[in-house]
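To keep things clear, I will list the structure first and then write my remarks on it.
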Number of protein chains: 2
Amino acid sequence: MLFKVAQGCYHKDVPRLVDHDQRRAEIGEAAIRVILREGLTGVTVRGIAAEAGWSTGSLRHYFGNQHELQAYVVRAATETLHRRVLPRVQRPRTEGSVVDRIAGIVEENLPLDAERREEYALWAAVVEWERHHPPENGSVTWDDQRALYRQCIAAMRGHEPVRDPDRAAHPHPDPQVELWAALLHTFVDGLASQLVNTPGELSPGTAAALLRSLLEAVPGQQPDPHALQ
Amino acid sequence: MLFKVAQGCYHKDVPRLVDHDQRRAEIGEAAIRVILREGLTGVTVRGIAAEAGWSTGSLRHYFGNQHELQAYVVRAATETLHRRVLPRVQRPRTEGSVVDRIAGIVEENLPLDAERREEYALWAAVVEWERHHPPENGSVTWDDQRALYRQCIAAMRGHEPVRDPDRAAHPHPDPQVELWAALLHTFVDGLASQLVNTPGELSPGTAAALLRSLLEAVPGQQPDPHALQ
DNA sequence: CTTTAAATAACACGGGCGTGTCATTGCGGC
DNA sequence: GCCGCAATGACACGCCCGTGTTATTTAAAG
């Protein structure tokens, strides 16, 4: 101990050789590559060390055991996901019908092409981790998704978009928004499940068409809801 | 070879000690217990041998390698599933509203209680296997599900129930039946996915309520469709 | 330069796995 | 009673895993 505290404050007589946080991030990137290749079960001490180009002994300076390593990797994967898909989801959409615009947003979360399948593999790894290590304050990934679909349904029904992320995390005053957000959320999970489990039975095109059919069944749609930011 | 052909016809000079098929079935039951406990990845040669009470060498007389063992187990699990849930699905339902009766059928496929969670674990193992070994003639499990939901939606819309299983496997002439069967199928998969992946976010009661909400959104419902056999 | 301790790497241990080998057992046929 | 062979089970091999120990390297501090 006594070699580093907080932000770059070093104690005497101790050589600073590497930045632990930066090294951990580097290992996290290697681990994410492994996850995309082999899934969360492929995240082994030896495997990550080989992928990152170090020995297992070196890794143990940053992660005491496999559990710590995996926990860190899952956190890194979550951040990578947010960084990659959030901007796409929040991209302003002004063309097409209401259903098309909402569908475009929702499709960013579906494994419809190679890129999103990769991201979905990351997502699945996070869910897999949360399944075995249930977060006590509710699943962040689940809550984020639900908030997104709440916003989508609310917009379709002509409600003002809620800018405050905290407010968006709470139930919508319109009970129909809550209901159809839940229906949409569940339906999207079903689409994703079928796309990865039985790709021969459900093509990406059919999945997109089904999504639009469900959106068209949402009651109380406004012809021109407030612009989707 | 030359020790047994077809049904109990033995060749000369060969001691018949055990019935291979019966022994394989016995091993299959042990393997299913292991699947329920540890999933398909828990189906190891050593593990199954221990569960069944034999040595690994004995198992190798019936299964040349792990792949054969798992393939057999998946087939056995599929049959067990059909034997257990099909009668429940086809149980005559005469009480409650149309939506309630259909929901009762669909719920037999959802991991809503301990018993059905067990069956869902089996089901998931089958899907997992089919994902890595795609059947060329289409997924039997998927086709069965789709046919069931087709029948459900058709009944809600007042169509005559199709008795011939072959006919039920084909698309329904009513395009709305096809569409909503697909929507329902996808939605049920989503419910199942959330029930097992994020049980803290979706209770069995909420899942059942959501299912009923979706069924109520099915267009063209008849107040009193033909009795559900 | 010497000292010092972090950083690194190499290795060992114990365990689980799939798979192959081989001696033993015991039933069926003579 | 005796033989043959399917059936059985114990064991070995090689591989991968997590983890702990230990020696070597390296760079900062004096």
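Throughout, protein chains are lettered first and strands after them, A, B, ... in sequence-line order, and every chain is numbered starting at 1. Here the structure is a predicted model, which means the values were calculated and not measured.
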(request) Give the rounded distance in Å between these two atoms: CG of B:Asn65 and C1' of C:dC17. (result) 14 Å
(request) May I have all residue pairs that pass salt bridge (charged side-chain N to carboxylate O under 4.0 Å, His left out) and include part of residues 142-152 of chain A, sequence neighbours excluded? (result) A:Arg150-A:Glu178
(request) Check the distance between D:dA7's C1' and B:Arg23's CZ and give it to me in whole angstrom. (result) 9 Å
(message) Using whole Å, what does the distance between atom C1' of nucleotide D:dA7 and atom OH of B:Tyr62 come to?
(response) 6 Å
(request) Please name all residues satisfying salt bridge (charged side-chain N to carboxylate O under 4.0 Å, His left out) with B:Glu68, sequence neighbours left out, ordered by chain then number. (result) none
(request) Using a strict cut-off of less than 4.0 Å between a Lys/Arg side-chain nitrogen and an Asp/Glu carboxylate oxygen, indicate whether B:Arg75 and B:Glu130 qualify as a salt bridge. (result) no
(request) Compare side-chain N and O positions of A:Arg60 against OP1 and OP2 of D:dT19 and report whether any pair is under 4.0 Å apart. (result) no
(message) Measure CG/A:Leu69 against C1'/D:dT19 and give the value in whole Å, please.
(response) 13 Å
(message) Taking the basic N atoms (NZ, or NE/NH1/NH2) and the acidic carboxylate oxygens, is any pair closer than 4.0 Å for B:Glu107 and B:Arg212?
(response) yes
(request) Would you mind reading off the distance between B:Glu68 atom CD and C:dG18 atom P, rounded to a whole angstrom? (result) 14 Å
(request) Let me know the distance between CD of B:Glu38 and P of C:dG16, rounded to the nearest Å. (result) 12 Å
(request) Taking atom NE2 of A:His170 as the centre, report whether more than 12 heavy atoms of other residues, nucleotides or ligands fall under 6.0 Å from it. (result) no
(message) Rounded to whole Å, please give me the gap between CD in B:Gln66 and P in D:dC15.
(response) 18 Å
(message) Under the criterion salt bridge (Lys or Arg N to Asp or Glu O under 4.0 Å), I'd like the reasoning laid out for B:Glu119 against B:Arg116: C-alpha separation, chi angles, the key distance, then a yes or no.
(response) CA-CA 5 Å; B:Glu119 286 163 359; B:Arg116 283 173 280 187; over 6 Å; no
(message) Tell me which residues in residues 40-59 of chain A lie within less than 4.0 Å of DNA chain D, going by non-hydrogen atoms.
(response) A:Thr44, A:Val45, A:Arg46
(request) Would you mind reading off the distance between B:Ile27 atom CD1 and D:dA7 atom C1', rounded to a whole angstrom? (result) 12 Å
